[in-house]
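Comments concern the structure below.
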Amino acid sequence: MPEGHSIHRLARQFSDVFAGERLAVSSPQGRFHEGAALLDGRLLLRASAHGKQLFLDFEGGAVLRVHLGLYGAWEFGGDETFTGASSIGAPRRVGESEVAADGVARPGAAPPPPRGAVRVRLVSAHGWADLRGASTCTVETEAEAQAVRDRLGPDPLAGHAASAADSASGAEEFVRRLTRRRTPISRLLMDQEVVAGIGNVYRAELLFRARLAPALPGSAVPGEKALALWADAVDAMGQGVRDGRIITTHPALWPEGPARLPQPDHAHYVYRRQGQPCRICGTPVSLADEAGRKLYWCTACQRI
DNA sequence: ATACTATGTTAAT
DNA sequence: TTAACCTAGTATT
């Protein structure tokens with residue numbers, strides 16, 4: 001259930017704890033025996049993310065590409081060296097965890113017996129990572145992995161690992177791809193070929209923050225509005241990478257006073273708030289089904 | 001115990 | 001447009 005910010009956090013985690021390490025790769029569940037055998041014993045060179053796609057580059061030109069889909073998650077554990085380098089931490093966050101399902105932290109490098117269907121297990125000298133429930137998990141050549149990247153739209157979080165020039169070109173590319181089509185903007189934001197990494201929460205929240213009506217055709221979005229939307233995505237999703245949660249509301253709206261982060265029920269403007277009063281104008285938040293996903297918005301605030 | 005839901009995508013219809 | 005994927009947290013019985 002993760003959006004792009006979670007995958008970027010995972011890429012950073014793999015870079016921090018496994019890059020430069022030789023990894024034992026297995027598939028306790030069995031469904032990935034073939035791919036695991038290809039990677040077993042190789043050095044992990046680097047980890048990266050583009051939108052919701054995670055790429056682990058191994059020596060010899062083999063790339064493990066993972067998409068968590070709806071239920072996928074990575075779980076990590078290890079000794080003090082591992083924990084010291086790790087940036088995940090408990091409690092469990094969407095798509096990433098450092099605590100076993102029984103709630104007992106497991107110190108030490110030795111991985112626990114596989115719990116449930118572990119598609120892939122990576123083990124280094126200091127720690128381990130288990131993958132469950134992913135919709136995609138394949139070993140590819142660098143060219144195949146690049147072909148996947150090439151199909152995707154620009155990633156608002158690309159600036160995290162790349163140059164400012166890349167971010168600027170990402171903005172222009174986003175505006176081009178968004179305003180080229182008459183499809184409603186609510187659909188375009190979910191289209192990974194228009195912009196990579198936005199999911200159902202950021203879609204709803206970014207549209208609210210921009211005061212944009214979901215039904216507005218992409219072609220009718222003023223260029224300046226589209227640029228501002230991109231800039232807000234960079235900002236909001238960057239914050240998501242730091243927090244490990246999607247928090248889009250202004251801190252002034254948090255009732256619990258000065259706190260670094262709000263309670264979960266104050267983190268969003270409209271997502272999962274159907275029927276509840278809009279935090280800005282009080283109008284009940286609307287809910288509609290769009291292409292099998294739930295769309296939340298305020299009919300009064302989002303009029304442009 | 002059982003049902004329902006979810007921050008996603010693809011393939012079949 | 002719908003089903004499938006097949007995990008895990010939360011709500012309901």
Side-chain angles (χ1 to χ4, degrees), chain A residues 1-11 27-32 49-54 65-75 88 90-103 114-121 129-138 147-149 151-153 155-157 183 186-209 233 236-249 261 263-265 267-275 287-297:
Chain A
M1 306 181 272
E3 302 193 21
H5 69 297
S6 298
I7 312 308
H8 280 262
R9 284 172 58 85
L10 287 163
S27 178
Q29 171 208 46
R31 212 170 125 183
F32 190 63
H50 189 135
K52 300 167 190 170
Q53 302 277 353
L54 176 70
R65 178 170 66 88
V66 173
H67 192 298
L68 292 179
L70 187 50
Y71 343 100
W74 285 96
E75 182 182 20
I88 299 291
R92 186 184 198 289
R93 290 170 165 73
V94 171
E96 46 179 270
S97 171
E98 216 168 22
V99 176
D102 55 9
R115 174 181 55 75
V118 176
R119 181 91 51 87
V120 183
R121 167 167 281 183
D130 282 352
L131 173 67
R132 294 184 188 80
S135 65
T136 303
C137 175
T138 57
V148 171
R149 298 181 116 107
R151 280 202 307 273
L152 295 167
D155 182 345
L157 293 171
T183 308
S186 55
R187 280 180 184 249
L188 292 171
L189 288 187
M190 292 282 275
D191 184 339
Q192 302 300 302
E193 295 187 14
V194 172
V195 50
I198 290 179
N200 207 19
V201 182
Y202 279 125
R203 176 260 292 261
E205 296 296 301
L206 291 171
L207 285 175
F208 180 88
R209 282 161 52 131
M237 296 174 77
Q239 207 158 302
V241 172
R242 287 190 290 281
D243 298 337
R245 286 171 55 195
I246 299 178
I247 296 164
T248 54
T249 48
L261 301 175
Q263 292 300 307
D265 57 340
H268 308 135
Y269 285 106
V270 292
Y271 179 72
R272 280 243 220 174
R273 295 197 65 245
Q274 71 274 22
L287 168 63
D289 190 283
E290 188 190 63
R293 307 306 300 278
K294 289 183 172 176
L295 170 64
Y296 304 85
W297 82 107

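Throughout, protein chains are lettered first and strands after them, A, B, ... in sequence-line order, and every chain is numbered starting at 1. This structure is a prediction, so every number in the text was calculated from the model and none was measured.
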Take the protein atom CG of A:Leu70 and the nucleotide atom P of C:dA3, then report the distance between them rounded to whole Å. 16 Å
Whole angstrom is fine here: how far is it from CD1 in A:Ile198 over to C1' in B:dT9? 17 Å
Do the two ring centres, one from A:His268 and one from A:Tyr296, sit under 6.0 Å apart? no
Give A:Ala291 one of three labels, base, sugar-phosphate or nothing, depending on what nucleic acid heavy atoms sit under 4.0 Å from its own. nothing
Atom-pair distance (CG on A:Leu68; P on C:dA8), nearest Å: 12 Å
Starting the side chain at C-beta, find the nucleotide from C:dA8, C:dT7, B:dT9 nearest to A:Ala117. C:dT7
Closest of B:dA6, C:dT7, B:dT9 to the A:Arg132 side chain is C:dT7
May I ask you to evaluate whether A:His67 reaches the phosphate of B:dG8, defined as a side-chain N or O under 4.0 Å from OP1 or OP2? no
Just wondering, do A:Ile7 and A:Pro2 contact through their side chains at under 4.5 Å, heavy atoms? yes
Roughly, in whole Å, what's the span from CD in A:Glu290 to P in C:dT2? 14 Å
Look at the side-chain N and O atoms of A:Arg293 and state whether any lies under 4.0 Å from the OP1 or OP2 oxygen of C:dT1. no
Once you round it to whole Å, what is the distance between P of B:dT9 and CG of A:Leu189? 13 Å
Please state the C1' separation for the pair C:dA8 and B:dT10 - nearest whole angstrom. 22 Å
P-based separation of C:dT13 from B:dT5 [nearest Å]: 12 Å
Can you tell me if A:Gln29 uses its side chain to pair, donor with acceptor, with the backbone of A:Val120 under 3.5 Å? no
Identify whether any heavy atom of A:Tyr271 sits under 4.0 Å from a base atom; if not, whether one sits that close to sugar-phosphate; answer base, sugar-phosphate or nothing. sugar-phosphate
Here the distance between atom C1' of B:dC4 and atom CZ of A:Arg272, to the nearest Å, is 11 Å
Calculate the interatomic distance between A:Glu193 atom CD and B:dG8 atom P; express it in whole Å. 16 Å
Would you indicate what A:His5 reaches in the nucleic acid, counting non-hydrogen atoms under 4.0 angstrom: base, sugar-phosphate, or nothing? base
Name of the residue among A:Leu54, A:Leu131, A:Thr136 meeting side-chain contact (heavy atoms from CB on, under 4.5 Å) with A:Leu68: A:Leu131
Please report the distance, rounded to the nearest Å, between OH in A:Tyr71 and C1' in C:dT10. 16 Å
Using modelled atom types and a 3.5 Å cut-off, is there a donor and acceptor pairing between side-chain atoms of A:Gln53 and backbone atoms of A:Arg149? no
